[in-house]
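Chain naming here is simple, since letters A, B, ... match the order of the sequence lines and numbering starts at 1 in each. Quick caveat, the model's predicted, so the values are computed rather than measured.
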2 protein chains.
Amino acid sequence: MPDLSIDVVAKAAGVHRSTVSRAFSRPEAVKSETREHILRVAEGLGYTMSPLAQALRRKTSTFIPLIVPDITNPFFAELAKAMTQAADDRGYQLLLCVTNGDPAKTDGYFTAMQAMYAPFGIVAPSTKVDSEAMKRFAFGHKVVVIDRVEGDASVPTVTVDSRQGITIALDHLRGLGHTSIGYVSGIAGTHTAQDRMDAYLQLTALSGGTPIVLDSGSDLDAGTRGAEHFLQMDNPPTAIIAANDMVAFAVISALGQRGVRVPEDVSVIGFDGLALGARFNPPLTTVRQPIADMGDIAIELAEKQNIDGSVDHIVLEPQLLVRGSTSGPRK
Amino acid sequence: MPDLSIDVVAKAAGVHRSTVSRAFSRPEAVKSETREHILRVAEGLGYTMSPLAQALRRKTSTFIPLIVPDITNPFFAELAKAMTQAADDRGYQLLLCVTNGDPAKTDGYFTAMQAMYAPFGIVAPSTKVDSEAMKRFAFGHKVVVIDRVEGDASVPTVTVDSRQGITIALDHLRGLGHTSIGYVSGIAGTHTAQDRMDAYLQLTALSGGTPIVLDSGSDLDAGTRGAEHFLQMDNPPTAIIAANDMVAFAVISALGQRGVRVPEDVSVIGFDGLALGARFNPPLTTVRQPIADMGDIAIELAEKQNIDGSVDHIVLEPQLLVRGSTSGPRK
DNA sequence: TCGGTTGCTGAGATCGGTTGCAATAACACT
DNA sequence: AGTGTTATTGCAACCGATCTCAGCAACCGA
């Protein structure tokens, strides 16, 4: 590859490099014959424009960072997959940035992306703390958050309605005949985790029931602890709502190891709608988040903000996904 | 941010930009006082060099693409996690590229990365076909493959010893008393899938046994089909080796839905060692691949090749990870 | 004191594009 | 034919670094 630059193409096509440039990035500004000729020549040479050089000059690129705390978590993996597609469809290239929850790394990615002239970025929930770093980043660039942001309505967000999700779960379980429904909370200090828990608390209280929080911890082992708590109860609930699918997996696994069967002995419902849930044992009933939609919308919001400066907060509706981990309560 | 360029810093520090450049990228070429002064000034201004501009001029960047077919598959997610870390440790920035198995996309990523002056790339197993696209890419750049590459010993690879992995699985099962051990194959036409299957076939034959292939299909539903096959047999095996953890999950799930319990009715062992397996029901016994090591080594190989042109083929040893999905055969 | 090193810094071309501005061509109209 | 547009294309500066080459000062030995 004798370094295919724009000048090479220009020479080969017998025009000036600015014309070649226009042929690619502003087609209407070049006589169509000329443009077609140039494109043909370029094609023949196997030439593509350097995104680097473009970004440098234009001061804006098509790289859009997706910042997630842990790609190993299937939720983020599915989000990443959806967003990759969404980004691709709109001519962007998604750059996955994994922080492992390290705020320093988050910061590093922010500035790196700033330097890459990313037109905007997408941040998925890790901790609430983000908002500070975000402020700095958002100074020059735009961010949209897949979660809520505390005290900063200036950043667009897309979330799913936690309260409605819990409502759906509760209704499903009640419809099956359950009256005693426990709850195991989710990971870290994210808003979504908090919201779901609050919703559970309020909704059960509202309907005259007594909330049964099996574990309100905030790490990955909440599921296991919740299961243990369940086992120690004299009068355990007949159904359990897990704050998310991963926790549900852990609950079922831990329960299974103690000989408690799902859904025969206790029903368990998750929250997320991971594809993986279909392959679980038993297949997990869950409240499905429209992950793919979230990806699309996140990008739309970002673009919209870039254009008219609008800051929207979209709230999506979750859906019930009935599989095998729930059934009527044991008689 | 009034566009912090190297010239701004230069002016502020009262030196020429080339000196600033050197202060950052070739410290020993600048008088230490000068350098410290420059660094201090830069620090104060909050200046960082533009990776874009650097890459453009140097014709080499620190972006290293990791090309995977599907990030939703936990194996690739874990690999990505490990490699992100490994890359980071060495001053690179991993760029995750998800192809969804689409060769066109793979190709697109290759040329994009070429344009980004990536010093090398890492490709994780998707299909064998890759080798062609790779040739083109490898022309200007280096690639290391996490799998084997057919008929092209010129690209470094890191793999784990499939034969040994299957041996370990077989030994574990036999040690538990199993004599009739079935096999369910893995995804797509990757070498690893092929190797594991071959190893199973050879090793069982070698020890005088009869191979029982429950499904040799090549898609994600192999697990389900394997389970169905199992159910239809008059004399089903007492243990099953799944080509990888995901398949094992599917097998157990499908079996569970038909009332077959693991490990009470049949033992199942996976291959991969996914963290997720620990949260499965039951926790999955599996042959663990040293994923983190693979990441480290892949990058090492790439760097080594860049330096002395050596092309190594590293083969790692898998380990047995006993959890709850295997036990002695039913009497 | 003078030629030869050595150490450090400045100049300016260059990487691969983009873009405002000027120049030229082509076409319309009086 | 003369003048006013309008469509195309060339020119050259610029984006933010890197790097070779040259200049200059201090230092060495004879």
Side-chain angles (χ1 to χ4, degrees), chain A residues 1-39 41-42 45-63 111-119 140, chain B residues 1-39 41-42 45-63 111-119 140:
Chain A
M1 307 277 158
D3 264 359
L4 232 38
S5 79
I6 197 174
D7 286 299
V8 177
V9 179
K11 209 151 301 170
V15 298
H16 190 266
R17 63 194 204 295
S18 49
T19 306
V20 177
S21 171
R22 283 186 281 254
F24 277 93
S25 29
R26 214 131 46 73
E28 73 288 357
V30 175
K31 203 201 323 187
S32 60
E33 310 164 35
T34 319
R35 172 165 41 83
E36 277 162 26
H37 172 226
I38 293 177
L39 260 30
V41 172
L45 266 47
Y47 166 82
T48 357
M49 290 219 153
S50 158
L52 255 57
Q54 292 190 144
L56 181 57
R57 185 58 231 251
R58 291 178 170 165
K59 280 174 172 299
T60 175
S61 70
T62 57
F63 303 128
T111 74
M113 286 312 140
Q114 193 129 216
M116 301 266 288
Y117 296 115
Chain B
M1 306 280 158
D3 265 358
L4 231 40
S5 80
I6 196 174
D7 286 298
V8 177
V9 179
K11 208 151 302 169
V15 297
H16 190 266
R17 52 193 211 297
S18 42
T19 305
V20 177
S21 171
R22 283 187 281 253
F24 279 92
S25 30
R26 215 135 42 74
E28 74 287 358
V30 175
K31 203 202 322 188
S32 60
E33 311 164 34
T34 319
R35 172 166 42 83
E36 278 162 26
H37 173 227
I38 294 178
L39 260 30
V41 172
L45 265 47
Y47 166 82
T48 356
M49 289 215 154
S50 157
L52 255 57
Q54 291 191 143
L56 181 58
R57 184 59 232 252
R58 291 180 170 163
K59 281 174 171 298
T60 176
S61 69
T62 56
F63 303 127
T111 75
M113 287 311 141
Q114 193 128 218
M116 301 267 288
Y117 296 114

Helical stems, DNA chain D - three or more consecutive Watson-Crick or G-U wobble pairs below 3.5 Å: C:1-30 with D:1-30
Round to a whole Å and report the spacing from CG of A:L56 to P of C:dG17. 12 Å
How far apart are the closest heavy atoms of A:Y117 and A:L56, and which atoms are they? CE1-CA, 4.2 Å
Check whether any side-chain nitrogen or oxygen of A:R58 sits under 4.0 Å from OP1 or OP2 of C:dT18, and answer yes or no. yes
Please test B:I6 against B:Y47 for side chain to side chain contact (heavy atoms under 4.5 Å, CB included), starting from the C-alpha separation and ending with a verdict. CA-CA 8 Å; B:I6 196 174; B:Y47 166 82; 3.6 Å; yes
Closest heavy-atom pair and its distance - B:T19, B:V30: O-CG2, 4.1 Å
Rounded to the nearest 0.5 Å, what separates atom CG in A:L52 from atom CZ in B:R57? 14.0 Å
Just checking A:T60: base, sugar-phosphate only, or nothing, at a heavy-atom cut-off of under 4.0 Å? nothing
Decide yes or no for B:F63 and A:M116: does some side-chain heavy atom of the first lie under 4.5 Å from some side-chain heavy atom of the second? yes
For the CD atom on B:E28, are there more than 12 heavy atoms of other groups (residues, nucleotides or ligands in this structure) within a distance under 6.0 Å? yes
Interatomic distance, B:E33 CD vs C:dG7 P [rounded to whole Å]: 16 Å
Please report, rounded to the nearest Å, how far the C1' atom of C:dG16 is from the CZ atom of B:R57. 11 Å
Check the phosphate of C:dT18 against A:K59, side-chain N and O only, distance under 4.0 Å to OP1 or OP2. Yes or no? no
In residues 10-20 of chain B, which ones come under 4.0 Å of DNA chain C, going by heavy atoms? B:V15, B:H16, B:R17, B:S18, B:T19
Of the nucleotides C:dG20, C:dT9, C:dA13, which has the atom closest to the A:R22 side chain? C:dG20
Has B:Y117 got a side-chain N or O lying under 4.0 Å from the OP1 or OP2 atom of C:dG16? yes
Measure the OG-CE distance between B:S61 and B:M113 for me, rounded to the nearest 0.5 Å. 8.5 Å
Closest non-hydrogen contact found for B:V20 with B:A10 is CG2-CA, 3.6 Å
Looking at A:S50, I'd like to know whether one of its side-chain N or O atoms comes within less than 4.0 Å of OP1 or OP2 on C:dC15. no
Using whole Å, what does the distance between atom P of nucleotide C:dT18 and atom CD1 of A:I38 come to? 12 Å
So which heavy atom on B:S50 is nearest to which on B:A53, and how close? OG-N, 3.1 Å
Nearest-nucleotide 5' precedence on DNA chain D, B:F24 against A:K31: A:K31
On a heavy-atom basis, which atom in B:A115 and which in A:P51 lie closest, and how many Å separate them? CB-CD, 3.6 Å
Go through DNA chain D in 5' to 3' direction and return only the first and the last nucleotide with some atom under 4.0 Å of chain B's heavy atoms. D:dG16 to D:dT20
4.5 Å side-chain heavy-atom contact, A:S18 and A:R22: yes
Which nucleotide in the set C:dT18, C:dG16, C:dT9 lies at the smallest distance from any side-chain heavy atom of A:Q54? C:dT18
Answer with base, sugar-phosphate or nothing: what part of the nucleic acid does B:A55 contact at a heavy-atom distance below 4.0 Å? nothing
Closest heavy-atom contact between A:L45 and A:L4? O-CD2, 3.1 Å
